[in-house]
Every structure is written in C-alpha cells, then in structure tokens.
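As structure tokens, the structure follows; a few thoughts come after it.
Every heavy atom of this structure was used, including side-chain atoms; hydrogens, water molecules and symmetry mates were not. Numbers restart at 1 for each chain; the letters A, B, ... are given by sequence-line order, proteins then strands.
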Protein chains: 2
Amino acid sequence: MKLKEFAKHLDLSPTTVSRALSGYPEVRESTRKRVADAAIRLGYRPNINAVRLVTGRVGAIGILMERGREVNFAEFLSGMGERLDGEDIDILVSPIAEHDAKEEMQLFSRLVESRRVDAFIVNAPRPNDERIALLHKLGMPFLVHGRSETDVPYAWLDIDNEGAVKRATAYLLDLGHTRIAMINGRPGVTFSLHRDKGYRDALVERGLQFDPRLVAHGSFTDEIGFRFARSFLEQSPRPTALVAGSMMTALGVYSAARSLGLVVGKDISVIAHDDVFPYLNADNMAPSLSTTRSSMRAAGKRSAELVLQLLSGKPATEIQELWPVELILRESTGPVSRGEGR
Amino acid sequence: MKLKEFAKHLDLSPTTVSRALSGYPEVRESTRKRVADAAIRLGYRPNINAVRLVTGRVGAIGILMERGREVNFAEFLSGMGERLDGEDIDILVSPIAEHDAKEEMQLFSRLVESRRVDAFIVNAPRPNDERIALLHKLGMPFLVHGRSETDVPYAWLDIDNEGAVKRATAYLLDLGHTRIAMINGRPGVTFSLHRDKGYRDALVERGLQFDPRLVAHGSFTDEIGFRFARSFLEQSPRPTALVAGSMMTALGVYSAARSLGLVVGKDISVIAHDDVFPYLNADNMAPSLSTTRSSMRAAGKRSAELVLQLLSGKPATEIQELWPVELILRESTGPVSRGEGR
DNA sequence: TGCAATTTTGAAAACGATTTAATTTAAACT
DNA sequence: AGTTTAAATTAAATCGTTTTCAAAATTGCA
C-alpha cells in the first residue's frame with residue numbers, strides 16, 4: 001500500500017497524511033488520530049527507501065567487526081541495541097577479514113564513502129588512526145570507542161585502562177610481589193599502550209625497574225594466555241604475579257599454572273581485566289579471579305547514546321568520556337609466598 | 001556529485017553512465033572504461049538511497065541478536081561477513097532485549113514489515129516458530145539457522161545436534177558409564193530438543209532407562225554449567241559422565257568438579273559441544289576437553305551464501321543442509337573408574 | 001456579520017538514481 | 001550505394017516519499 005492510495009482511503013492528501021504520521025504540529029489532533037488508526041488498521045508503512053532518499057538520512061550507524069575481536073564486540077553491540085531499541089536506527093555491521101593495512105583501509109574507505117550510514121563507531125583505535133583522519137575528512141560523524149592521538153578533534157568514550165592497570169599492579173606490589181608479568185592486548189592499539197604505561201608507572205613509583213622480558217602482547221585468547229603464561233612461569237626467577245588482559249587470557253593463564261603444578265592465588269597471583277560477559281563469571285572460576293572490571297555492554301549502550309547526540313548536532317569536541325574501572329579482589333590474588341619474590 | 005552533473009562532465013547521458021557503471025552489456029567497451037575511470041577520478045558514487053528506491057532492493061540481510069546468545073552470534077556474524085565481503089550487501093543487526101514473547105514478536109514484526117532488509121536469518125528457532133510463519137506470510141525471503149517444525153516450507157541450515165549428542169553419549173556408554181548427566185541448552189528451542197532426543201536414544205538403544213533428574217536445561221554460560229554440574233555431582237549415586245552444551249558450560253563444569261575435589265577425565269568424564277571459538281580452545285583446557293565440534297563461523301559463511309542463492313531465486317524448499325558433527329576425543333573422557341558406575 | 005489572523009489542508013516540486021521505449025549511429029549485406 | 005540489421009545512446013517516465021508554497025477552512029474579535 002502506497003501513500004497515495006492510503007491517503008485516498010482517508011480522503012486526505014498525501015501531504016496531510018505524511019505530516020500526521022511524522023507528528024508535525026500543523027495537523028489537527030482529530031485527523032492525526034484518524035490517520036494513525038487507519039495506518040495500523042490498513043497496515044500502511046512508508047517505504048523506507050523513499051523516506052531515506054528524500055530526507056537524506058539513512059537511519060543506520062555503522063560499526064566494524066574485526067576478526068579476532070568478536071567476543072568483546074558482541075557485548076558492545078548488545079549494549080548499543082539496548083539504547084537504540086525504539087529509535088528508528090539500525091546497526092550496520094561490517095565484518096572485516098584480516099587484510100593487510102592498506103587493503104583494510106580501502107575497504108573502510110569504500111564503506112564510508114558509500115554513505116550507507118549516518119555515523120560510525122570506530123573501535124580499537126591506534127595512536128594515529130587513519131580511519132579517524134578519513135572520517136574527519138569526509139565529514140562523517142563518528143565516535144571513537146577508545147582513544148587515539150591525533151590532531152583532528154573527535155568524540156570518544158574510553159575506560160581508564162592506564163589507571164586500572166596501574167592500580168592492579170600497585171596492589172600486587174603492596175602484597176609484596178616484585179616480579180610481576182603482564183600479558184597485554186595486541187601491540188600497537190592505544191589501549192594496550194595505555195595499559196603498558198599504567199604498568200610501568202606503578203613499577204617506577206616504587207623504584208622498581210621495568211623488565212621487558214615480563215611483558216607480552218597478543219590478542220585476547222586463552223591460547224595466548226596459556227603460551228605466554230607458560231613461558232613466563234618457566235623463567236627463573238619465576239614471576240609471582242601476573243596481570244592478564246582479559247578473561248580469556250586468564251583462562252589460559254590458569255591452565256598454564258595448573259600444568260606446571262602451581263596454585264593460582266598462592267604460587268602465582270593473577271588479576272585480569274573483566275569486560276563483564278554474561279557467559280563467563282570471575283566468581284565462578286576456581287579460584288575466583290580478581291579483576292579490574294568495566295562493562296562492555298554499558299560502554300556500547302552509552303556509545304549509542306553519544307552517537308545520537310552527535311547526530312543531533314552536539315559538537316564532537318564536547319563528547320569525551322573517561323570511565324573509571326573497578327578493582328575487585330577475589331581469591332586469585334594473595335601475598336607473595338615465603339621464599340618467592342625478591 | 002550527482003549523476004546528472006557527472007554525466008555532463010563526460011558528455012554522455014545519465015542513462016549511459018548508469019549503465020556503464022552497473023556493467024550492462026549494451027554500452028561500448030571504450031565508453032565503459034572512460035566512465036569507470038572518470039568515476040574514480042572525480043569520486044562519483046551513486047546515491048545509495050536513490051538506487052534502493054528505484055530498484056526496490058535494500059542491499060542488506062537482517063539478523064536478530066538475542067540477549068544471552070551473543071557469543072555464538074559473533075562467530076556466526078563473522079562467518080557471514082567472510083562470504084559477504086565484496087558483495088554489496090550489508091548485515092543489519094537488531095539486538096533484541098529480553099522482552100516477553102508477545103512484545104518480542106511485535107518488535108520482530110515491525111522490523112520485518114519496515115522492509116529494511118532483503119532477507120532474514122532466523123536463529124535458535126522453536127518447533128513452531130511464529131517468526132517463520134510471519135516471514136512466510138509477508139513473503140520475505142529467509143533462512144533458518146537450525147530447524148523448526150512447521151507446515152510452511154522454509155530454507156534451513158542446521159548441524160546434526162541429535163546425531164552428535166547420540167554419538168557422544170554412546171561413546172560414554174562404551175566406556176562403561178551408565179549414569180550420564182546432560183546440561184543442555186535453553187528449553188524449548190529446537191536444537192535442545194534434538195539433543196535431548198539424541199541423548200535418550202543412545203540410552204534406550206543400550207537398554208538403559210532415561211532419568212529426568214540427570215538432565216538440565218539453560219543458557220550457555222559458565223554459571224549454568226557450574227550450578228547444574230554441582231547439583232548433579234552431589235547426587236548419590238553420582239553420575240560418572242556429563243555431556244555439556246557448550247564450551248562455556250564446560251568451564252563451569254570443570255570448576256564444579258574441582259570445587260568438589262573431583263578430577264575431570266578420571267572421576268568424571270566430560271564431553272562438550274564446541275562451536276570453535278578463536279578465543280577458547282578445547283586443547284588448552286586442563287585437562288583438554290573432548291568435544292563434539294562444528295564451526296559456527298563456517299555455518300555463518302554458508303548461511304550467507306544460501307541467502308544469496310535465495311535472493312537470486314532459488315526455491316526455499318531446495319535449500320536444506322544438515323551438517324555432520326565431529327567427535328574429538330581428548331583427556332576429559334576416560335573409562336569409568338573402579339567402584340563407580342553400576 | 002464581516003474581516004483579519006490563524007489553523008488545516010493540498011498541489012506540485014524535489015530527492016537521485018534506474019529502466020523502458022525511442023532514436024541515432026555504425027556495421028553488414030546485396 | 002542503398003538497404004537491413006545490429007550496436008550504442010538518449011529522453012522521459014518511474015520509484016514513494018517529504019517539503020515548500022499557496023489555498024481553503026476555521027477561529028477570534030469588533
């Protein structure tokens with residue numbers, strides 16, 4: 001059923017009907033009601049493509065899903081959905097395979113230039129992220145989940161990765177640990193750099209020297225956690241504490257410790273970052289896992305909100321949020337055991 | 001830059017330009033080349049909304065992301081992306097909160113009727129799924145990931161859940177286990193029913209009786225795994241083997257066993273279903289986990305392909321694929337230990 | 001009641017492409 | 001060369017809305 005036809009049914013002009021449905025003020029309340037009722041009764045819905053053509057809006061927010069970051073991504077997306085529920089805005093996901101950087105940028109460029117979305121969310125940015133430069137150049141509104149280091153002004157939402165890791169490390173130091181290893185995220189992305197900094201700063205503040213042999217980088221998988229944890233734990237002197245980048249990493253760390261006959265919480269203290277997945281709970285691990293915690297889902301929800309603000313005209317420079325991170329202590333952390341450590 | 005303007009630059013009519021760009025055969029090769037070159041040089045791209053209005057195609061496949069199924073979902077999505085990379089088709093994700101069934105159906109209905117997508121993928125169907133009936137009624141092409149039980153003909157791709165669980169259970173029986181528990185997926189969805197059937201059939205074939213106290217249903221989280229495993233393992237006589245619905249469930253099961261001082265692979269054999277996540281590997285668990293395995297990502301990739309076939313006119317009834325599931329034995333399964341079992 | 005001011009409604013022009021049907025140009029035959 | 005056939009191009013209609021600007025209906029007030 002088309003607008004014209006529908007309008008004829010009501011003995012009104014398409015103009016009035018259109019206005020009635022989009023809630024313009026210059027249509028009498030009684031007719032608006034009449035139109036609205038008829039719309040449900042006759043099942044009339046404006047053709048979305050026609051609307052989009054004439055309004056110039058697409059009604060969608062774009063987001064890239066990079067291979068290897070799917071776990072966190074799903075939670076984030078879910079949060080976005082929470083906010084967008086009811087708004088007439090879709091989420092357009094572009095899964096992106098592992099290409100080389102140039103190819104990836106081309107793909108991204110095509111995506112943005114095709115104007116299939118009204119705004120973009122960039123995640124896992126790098127310090128000087130080309131994507132940000134491009135979006136800025138093309139005038140496409142965008143929000144960065146995380147931070148970059150760039151001259152262009154941009155809207156962002158990030159968690160305090162630096163502070164979180166600094167606090168976790170400092171806590172371990174307080175417990176008497178001096179050889180503390182860290183399995184961080186992928187090298188090169190800003191949040192990994194921030195975590196590196198937090199870790200180093202904590203050490204330096206206590207007058208300890210940074211030992212590069214105690215830090216590793218990789219994606220958030222149990223595999224990475226297992227491999228690096230093993231290699232750390234086979235060092236001598238053995239580190240007595242370990243900071244892990246994610247829950248998955250921590251699973252690998254637990255396995256590694258177990259495979260070496262070490263008891264987590266006694267022989268080796270572990271703190272991991274927890275993005276609060278509904279399907280994996282730090283409390284249920286054995287032993288329960290001490291974590292720095294910040295909800296990915298909440299970040300997704302808020303990001304959607306911020307994008308909406310951006311779309312309704314709020315300047316990007318006024319959108320900058322840094323979220324604090326909780327430190328939650330459970331059984332996986334304890335004082336350095338006698339004979340270990342220094 | 002608009003088509004008209006762009007055409008003027010080339011001293012051609014909009015018609016010819018449009019045809020040249022969309023690769024119609026009735027335009028001379030030399031002019032097509034000229035147009036194509038100019039398009040990149042001048043950065044012309046057809047307005048996506050105009051194209052959509054006139055062609056009636058949206059260029060998107062819709063998929064629902066239900067709260068609580070995010071893990072599997074992300075992998076599936078990623079697989080879809082693999083296939084859709086290069087096609088001019090987007091994935092439109094509608095995260096859906098936990099509403100009551102009626103509200104959820106309304107939402108779904110709105111989504112489908114707004115015609116924002118060319119086709120739909122329905123996941124985690126129920127035996128008589130309203131969504132399938134609706135899509136059929138509205139004439140919207142769709143693919144079901146999983147199966148339903150309904151009169152309407154539909155295209156589907158599913159893995160052999162029944163066979164997988166039957167085989168896993170039979171294997172445990174072969175090892176001498178007689179009290180085998182199962183933590184299945186959410187109640188009511190078809191795949192859980194299929195798994196239930198596989199489990200029962202395996203028991204019945206060996207002349208064993210089905211004991212409802214050994215079967216539980218719930219979503220795929222470590223929490224559910226932990227809770228049900230504990231309650232099973234506290235029964236007396238204690239089950240000596242357990243079939244788990246997912247890797248996350250298995251994590252909970254491992255924790256539960258450990259918390260009771262039981263050794264997985266000796267005191268309790270465990271087989272779980274593995275959807276092949278890049279971030280969680282059955283080999284890295286301690287002990288390594290025996291699994292029934294089928295790649296979610298591969299299913300997503302194939303699903304995208306099947307949807308494309310559907311869109312290009314292949315009848316839904318000709319699209320029906322049942323994928324076999326591998327059984328991979330690792331350390332978490334072993335013969336029933338002396339004194340246990342019967 | 002009559003006139004101005006204010007609401008409501010409508011006609012027609014966008015929006016920017018694709019596609020049908022018609023026209024021009026080029027190639028292929030006698 | 002003259003006609004027929006095929007290839008390449010174009011003018012104009014179309015997709016289904018929103019929105020501008022103008023007209024009609026209603027209200028308020030003297």
Handout entry: Ion pair check, B:D37 and B:K33, cut-off under 4.0 Å
Key = yes

Problem - Atom-to-atom span, CD of B:E29 to P of D:dA7 - whole angstrom - result: 15 Å

Exercise for the section: Using only side-chain N and O atoms of A:S18, determine if any of them is under 4.0 Å from OP1 or OP2 of D:dT18. Expected result: yes

Exercise for the section: Please determine if a side-chain N or O atom of B:Y44 lies less than 4.0 Å away from the OP1 or OP2 oxygen of C:dA17. Expected result: yes

Problem - Gap between atoms NZ and P, on A:K4 and C:dA11 respectively (whole Å) - result: 11 Å

Practice task
Specify the separation, in whole Å, of atom CG of B:N49 and atom C1' of D:dT17.
Solution key: 12 Å

Exercise for the section: Using the six-membered ring wherever Trp is involved, compare the ring planes of B:W156 and B:Y154 and label them parallel, tilted or perpendicular (cut-offs 30° and 60°). Expected result: tilted

Practice task
Using whole Å, report how far CG of A:L53 lies from P of D:dT17.
Solution key: 12 Å

Practice task
Answer with base, sugar-phosphate or nothing: what part of the nucleic acid does A:R52 contact at a heavy-atom distance below 4.0 Å?
Solution key: nothing

Problem - Whole angstrom value for the distance that separates C1' of C:dA17 from CD of B:E5 - result: 14 Å

Practice task
For B:I48, answer base if it contacts any base atom (sugar-phosphate contacts may also be present), sugar-phosphate if it contacts only those atoms, and nothing otherwise; contact means non-hydrogen atoms under 4.0 Å.
Solution key: nothing

Practice task
Select base, sugar-phosphate, or nothing to describe what A:F6 touches, counting heavy atoms under 4.0 Å on all strands.
Solution key: nothing

Handout entry: Ionic contact status for B:R83 with B:E87, cut-off 4.0 Å
Key = yes

Problem - B:R186 and B:S219 side chains, donor-acceptor separation under 3.5 Å - result: no

Practice task
Could you check B:R28 against B:A50 and say which one's nearest nucleotide on DNA chain C is further toward the 5' end?
Solution key: B:A50

Problem - Nearest-angstrom distance from the residue atom CD of B:E26 to P of C:dA22 - result: 16 Å

Practice task
Return the value, rounded to whole Å, for the distance between atom CG of A:L12 and atom P of C:dT9.
Solution key: 7 Å

Exercise for the section: Report which part of the nucleic acid A:R57 touches: base, sugar-phosphate, or nothing (heavy-atom distance under 4.0 Å, all strands). Expected result: nothing

Problem - Under 3.5 Å donor-acceptor, B:D90 side chain and B:L92 backbone - result: no

Problem - Distance, rounded to the nearest Å, where B:Y24 contributes OH and C:dA17 contributes P - result: 15 Å

Practice task
Using a heavy-atom cut-off of under 4.0 Å over every strand shown, decide if A:R32 touches base, sugar-phosphate, or nothing.
Solution key: nothing

Handout entry: Any donor-acceptor N/O pair under 3.5 Å between D:dA8 base and B:T16 side chain
Key = no

Fill in the blank from the handout: Testing D:dT18, C:dT18, D:dT17 for proximity to the side chain of A:K2, the answer is D:dT17

Exercise for the section: Kindly say whether, by distance alone, the side chain of B:T15 makes a donor-acceptor pair under 3.5 Å with the base of D:dA11? Expected result: yes

